[in-house]
Chemist: 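Mind having a look at this structure? Questions to follow.
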2 protein chains.
Amino acid sequence: MSADEAAAMIDDGMVIGMSGFTRAGEAKEVPMALARRAKHDPLKITLMTGASLGNDIDKQLTEANVLARRMPFQVDTTLRRAINSGEVMFIDQHLSETVELLRNKQLGKLDIAIIEASAITEDGGIVPTASVGNSASFAILADKVIVELNLSTPEALIGLHDIYIPQMRPRREPIPITASDSRIGTPYIPINPDKIAAIVLTEGQDSPSNVQQPNEDTQQIARHLIRFFEKEVKAGRLSSSLLPLQAGIGTMANAVMNGLIDSPFENLTMYSEVLQDSTFNLLDSGKMVFASGSSITLSEKCGKHVWNNLDHYRDRIVLRPQELSNHPGIVRRLGIIAINTALEADIYGNVNSTHVNGTQMMNGIGGSGDFARNGQLSVFITKSTAKDGALSSFVPFVSHVDHNEHDVDVLVSEHGLADLRGLAPRERARVIIDNCADPFYRTALNAYFEEACQRGGQTPHCLEKALSWHQAAQQQGSMRSVAEALISANSEKSSI
Amino acid sequence: MSADEAAAMIDDGMVIGMSGFTRAGEAKEVPMALARRAKHDPLKITLMTGASLGNDIDKQLTEANVLARRMPFQVDTTLRRAINSGEVMFIDQHLSETVELLRNKQLGKLDIAIIEASAITEDGGIVPTASVGNSASFAILADKVIVELNLSTPEALIGLHDIYIPQMRPRREPIPITASDSRIGTPYIPINPDKIAAIVLTEGQDSPSNVQQPNEDTQQIARHLIRFFEKEVKAGRLSSSLLPLQAGIGTMANAVMNGLIDSPFENLTMYSEVLQDSTFNLLDSGKMVFASGSSITLSEKCGKHVWNNLDHYRDRIVLRPQELSNHPGIVRRLGIIAINTALEADIYGNVNSTHVNGTQMMNGIGGSGDFARNGQLSVFITKSTAKDGALSSFVPFVSHVDHNEHDVDVLVSEHGLADLRGLAPRERARVIIDNCADPFYRTALNAYFEEACQRGGQTPHCLEKALSWHQAAQQQGSMRSVAEALISANSEKSSI
């Protein structure tokens, strides 16, 4: 069927579940056809995906006014603007939860699933492409399935996926994953072939990742973290293969993972969401022996290498539904080391990963909460400042909390590492300010903290100043003057 | 050995793990002896327990200046004061995590465990009393164990406990609990008898719970929640036995659970931390068929009835280590309905369970995070106001976040219920304000929300006013005047 014919099946008000996770494996033809159609035949849908989409699909759908509701994650500039203006309702979710909510009928009924496939088996099984994401449960739970068969995908993709769906409650058996390399399901999504309402052909490519090269700051962060791991091994708290690693998507996490190539560790494993360039660099270097994820998202250069040599990696990678790659129970069982990026952290180690100045959504919480809450070690990394020092990533009081102090064990900036395990909030503050904050803001944070401690409390604060840094950022684009005021007020006090 | 002799084994600087969970089953003689000793022989320790202690032990130890560090939970007024003044470092933890952190050597070494027992088996197995809490792992991980053998406990306690310890990472097998009534371990704590350094006799009693009788407000909250469950059953999202229930400790949660006695549901089960009066009322009424917890905490009257008729309940209750009663993986597997109490919630459904005005610790996060993050339905309940209406429990911006919007599905006050599932923050605000807030504050919250929406964002806020309600509460003991100012500013604007 043509993409236009398939898109015509979608009615106004429908709930659509689409493949796609971190710019990998999204359906490519039907959403574009839908955007075209909407220009002369307006309609609104709820769109669920695995995570972010490539090929500007979220942009096209937003510009065509198709999106009424969107979940559970996105990274598109145009869509972000529509979300923040209140035009699109964005439901930001822990990535492990979306299909659990669907399965339990808490998000209503899924009308149509649109799934990119690299093959369809004789009995109707769908073999995904570069991501599993939520595709398996979307296909199983939807009334109808539109398959986009991508003719350009390498045959070696077949066998790479491991599809397993947790049983219905209340009698669910334990999910039998006990290591990164556990295989517990089928290499395809098993559905009733009668539900396949259309097959649309495509040769579209995934968008390459836009990860930046490591720079001095990100390398410094990597060095601090590797030195910390070395100490942990020495103290007998970790073995030389550490524990399964999870790394958030993006430049900083990628730099940290690349830093492990020259580390003394060996037989590393990964149990993460996204297999990035650094994953394959680690596999190539022999440092890593196995990597489990829900998608493969690569730069153009690394992508060429991997897709042309997929056979070479087949026994060392697996792609799972994101419900399993991010499953809280499995994260706890395996004892994952979770490395995620913070937008900002406060002096007590509460982390904001999503909201600029507490209001404007960046991307979404993604899987960070699945990993940070339940892993053995939860690490958050950030540069100490942004916008050439106009903004401090370490603030008195975060303007939005995605991860509270209970779920943040270690904070790292280019200046150093704060090991927060077993510390009370007042102790956490000293360690964070001294090790991670930029030296200029460090003085201001200390001034705030000292004044707050005089007022008392388990988590001392000066409420009238708590959000003043963000107010300044909003109004003046800089936190410097409010930080300076704190410093000079404090030095006056000390000199009295 | 006498308690004084046993207490003499404790050296300055030691880390002590003690039985006791929600005022049930704490060691009674040795901590008191330690408090006496410290008056002439000062020393400081780190004290870990399951959760809160009875018999004023935290008070006595605080007054004797024994506590340098305390984790993971407490409810004592004297200790709370010392925590908030910064004298005692309080490490507030998810209750499922403490022994996991100890096992992985992230909290240092445990020197001595002090465990109340109802019996010791011939090969040194310790049979706990009214709580398991963290006792099993404390006894296993400590260098030495002091047993307090409580001669007053009923023999029927033997066989009630189910002790299972997760294997060491990285090769941990799935924990095989698949229902509330799963029994997977031994009825005693298996330790090397050589580690038992002392046995101290006691006949001390647990403190009775101080749960208040339900009043009109708490009954109203119960009615809203039961009506919601009825709708869920009708819609096919829950069966008539619902799903395993968890209820936080305290008057409100107890009232809600008691409300289920007159409900249309049947064959209810509980998978919770504390078996309270309401649990036994539900078992007695035939509404509940099984209850799993980590402790039994009862009023004086209910306690008499239960302890004298324990045989009658033996096949219908089990006590587990809190690591398992609160295990994120099992909570997710069973699909628990979690009912916890909020100190305050904001218009977007972020919940503060611990910090008055963002600074002063009440008790601690307890197990609420273990359940709220991972269950099928996360419900938070609160009265709409406190201090005779001077404080609103629904505020523009919570002063501390224990549970963010992702983990709060339903909010209930005496005014009504907000079903937040599948809603974006702006939609959540409307539902929370309209259904849960006190009518006076409702108008003020709407004024705040409207002004914030004009400024935009996924989670709109007016940063300069966000914490003004708490500043007013701190300075004037009331939020009324700041709320009034919002209302009149808004009505002026509307009339222009």
Side-chain angles (χ1 to χ4, degrees), chain A residues 83-86 89-94 104-108 169-176 178 236-237 243 328-329 332-335 350 355 357-361 365 369 373-374 376 400-402 404 406 421-424 426-427 453 456-461 463-464 466-467 470-471 474, chain B residues 83-86 89-94 104-108 169-176 178 236-237 243 328-329 332-335 350 355 357-361 365 369 373-374 376 400-402 404 406 421-424 426-427 453 456-461 463-464 466-467 470-471 474:
Chain A
I83 287 168
N84 285 320
S85 71
M89 291 294 106
F90 176 53
I91 298 98
D92 180 24
Q93 291 175 320
H94 298 304
N104 301 320
K105 305 180 190 168
Q106 313 213 28
L107 291 179
R169 291 162 178 159
R171 289 278 166 185
R172 180 178 293 178
E173 292 299 314
I175 298 164
T178 56
R237 286 190 287 268
L243 279 164
R332 175 83 170 230
R333 188 184 299 155
L334 302 184
N350 300 287
H355 282 71
N357 292 328
T359 56
Q360 302 286 315
M361 171 58 65
I365 193 166
R373 172 67 60 91
N374 299 298
Q376 170 149 336
H400 183 89
V401 177
D402 291 292
N404 61 28
H406 309 291
R421 294 173 298 173
L423 299 186
R426 288 175 190 231
E427 299 169 312
C453 282
Q458 161 84 349
T459 306
H461 274 298
L463 291 186
E464 79 284 5
L467 290 170
H470 299 92
Q471 283 171 250
Q474 241 178 16
Chain B
I83 287 168
N84 285 320
S85 71
M89 291 293 107
F90 177 53
I91 298 98
D92 181 24
Q93 291 176 319
H94 297 304
N104 300 320
K105 304 180 191 169
Q106 313 213 30
L107 292 179
R169 293 163 178 159
R171 289 277 166 186
R172 180 178 293 177
E173 291 299 314
I175 298 164
T178 57
R237 285 190 288 268
L243 279 165
R332 174 83 170 231
R333 187 184 299 156
L334 302 184
N350 300 288
H355 282 71
N357 292 328
T359 56
Q360 301 286 314
M361 171 58 66
I365 194 166
R373 171 68 60 91
N374 298 300
Q376 171 149 336
H400 182 90
V401 177
D402 291 292
N404 61 28
H406 310 291
R421 294 174 297 174
L423 299 186
R426 288 175 189 232
E427 299 169 313
C453 282
Q458 160 83 349
T459 306
H461 274 300
L463 290 185
E464 78 285 4
L467 290 169
H470 299 92
Q471 283 171 252
Q474 243 179 16

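Protein chains get the first letters and strands the later ones, always in sequence-line order, with residue 1 at the start of each.
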Chemist: Can you tell me which portion of H406(A) sits under 4.5 Å from chain B's heavy atoms? Options are side chain, backbone, both or neither.
Modeler: both
Chemist: Spell out, as yes or no, whether a donor-acceptor pair under 3.5 Å connects the side chain of R169(B) to the backbone of R332(A).
Modeler: yes
Chemist: Could you have a look at Q360(B), E173(B), Q106(B) and say which one has the most heavy-atom pairs with chain A under 4.5 angstrom?
Modeler: Q106(B)
Chemist: How about H400(B) and H461(A): do any of their side-chain heavy atoms sit closer than 4.5 Å?
Modeler: no
Chemist: Determine the minimum heavy-atom distance between A466(A) and L467(B), stating which atoms define it.
Modeler: CB-CD1, 3.8 Å
Chemist: Do V401(A) and N350(B) touch side chain to side chain, with heavy atoms closer than 4.5 Å?
Modeler: no
Chemist: Side chain, backbone, both or neither: which part of I365(B) has an atom under 4.5 Å from a heavy atom of chain A?
Modeler: side chain
Chemist: Could you have a look at C453(B), P328(B), G329(B) and say which one has the most heavy-atom pairs with chain A under 4.5 angstrom?
Modeler: P328(B)
Chemist: When rounded to the nearest 0.5 angstrom, what is the spacing between NE2 in H94(B) and CG in N404(A)?
Modeler: 6.0 Å
Chemist: Could you have a look at R172(A), R333(A), Q471(A), K105(A) and say which one has the most heavy-atom pairs with chain B under 4.5 angstrom?
Modeler: R333(A)
Chemist: Return the option, out of M361(B), H470(B), M89(B), with the maximum number of heavy-atom pairs under 4.5 Å with chain A.
Modeler: M89(B)
Chemist: Which atoms of P170(B) come close to chain A, meaning under 4.5 Å heavy atom to heavy atom: side chain ones, backbone ones, both, or neither?
Modeler: both
Chemist: Please examine the side chains of P174(A) and T178(B), heavy atoms only from C-beta on, and report whether any two atoms are closer than 4.5 Å.
Modeler: yes
Chemist: Between N374(B), D92(B), L107(B), who has the most heavy-atom pairs with chain A when the cutoff is under 4.5 Å?
Modeler: D92(B)
Chemist: Nearest 0.5 angstrom please: R426(A) CZ to I83(B) CD1, how far?
Modeler: 11.0 Å
Chemist: Has the side chain of R373(A) got a donor or acceptor atom that lies under 3.5 Å from a matching backbone atom of G369(B)?
Modeler: yes
Chemist: Quick one: closest heavy-atom pair of Q458(A) and N84(B), and the distance?
Modeler: N-OD1, 3.0 Å
Chemist: Can you tell me how far CG of L243(A) sits from CG of N104(B), rounded to the nearest 0.5 angstrom?
Modeler: 8.0 Å
Chemist: Under 4.5 Å from any heavy atom of chain A, what part of Q93(B) do you find: side chain, backbone, both or neither?
Modeler: backbone
Chemist: Once rounded to the nearest 0.5 Å, what's the spacing between atom CD of Q474(B) and atom CG of L463(A)?
Modeler: 4.5 Å
Chemist: Of the listed residues (R237(A), E464(A), E427(A), Q376(A)), which shares the most heavy-atom pairs with chain B below a 4.5 Å separation?
Modeler: Q376(A)
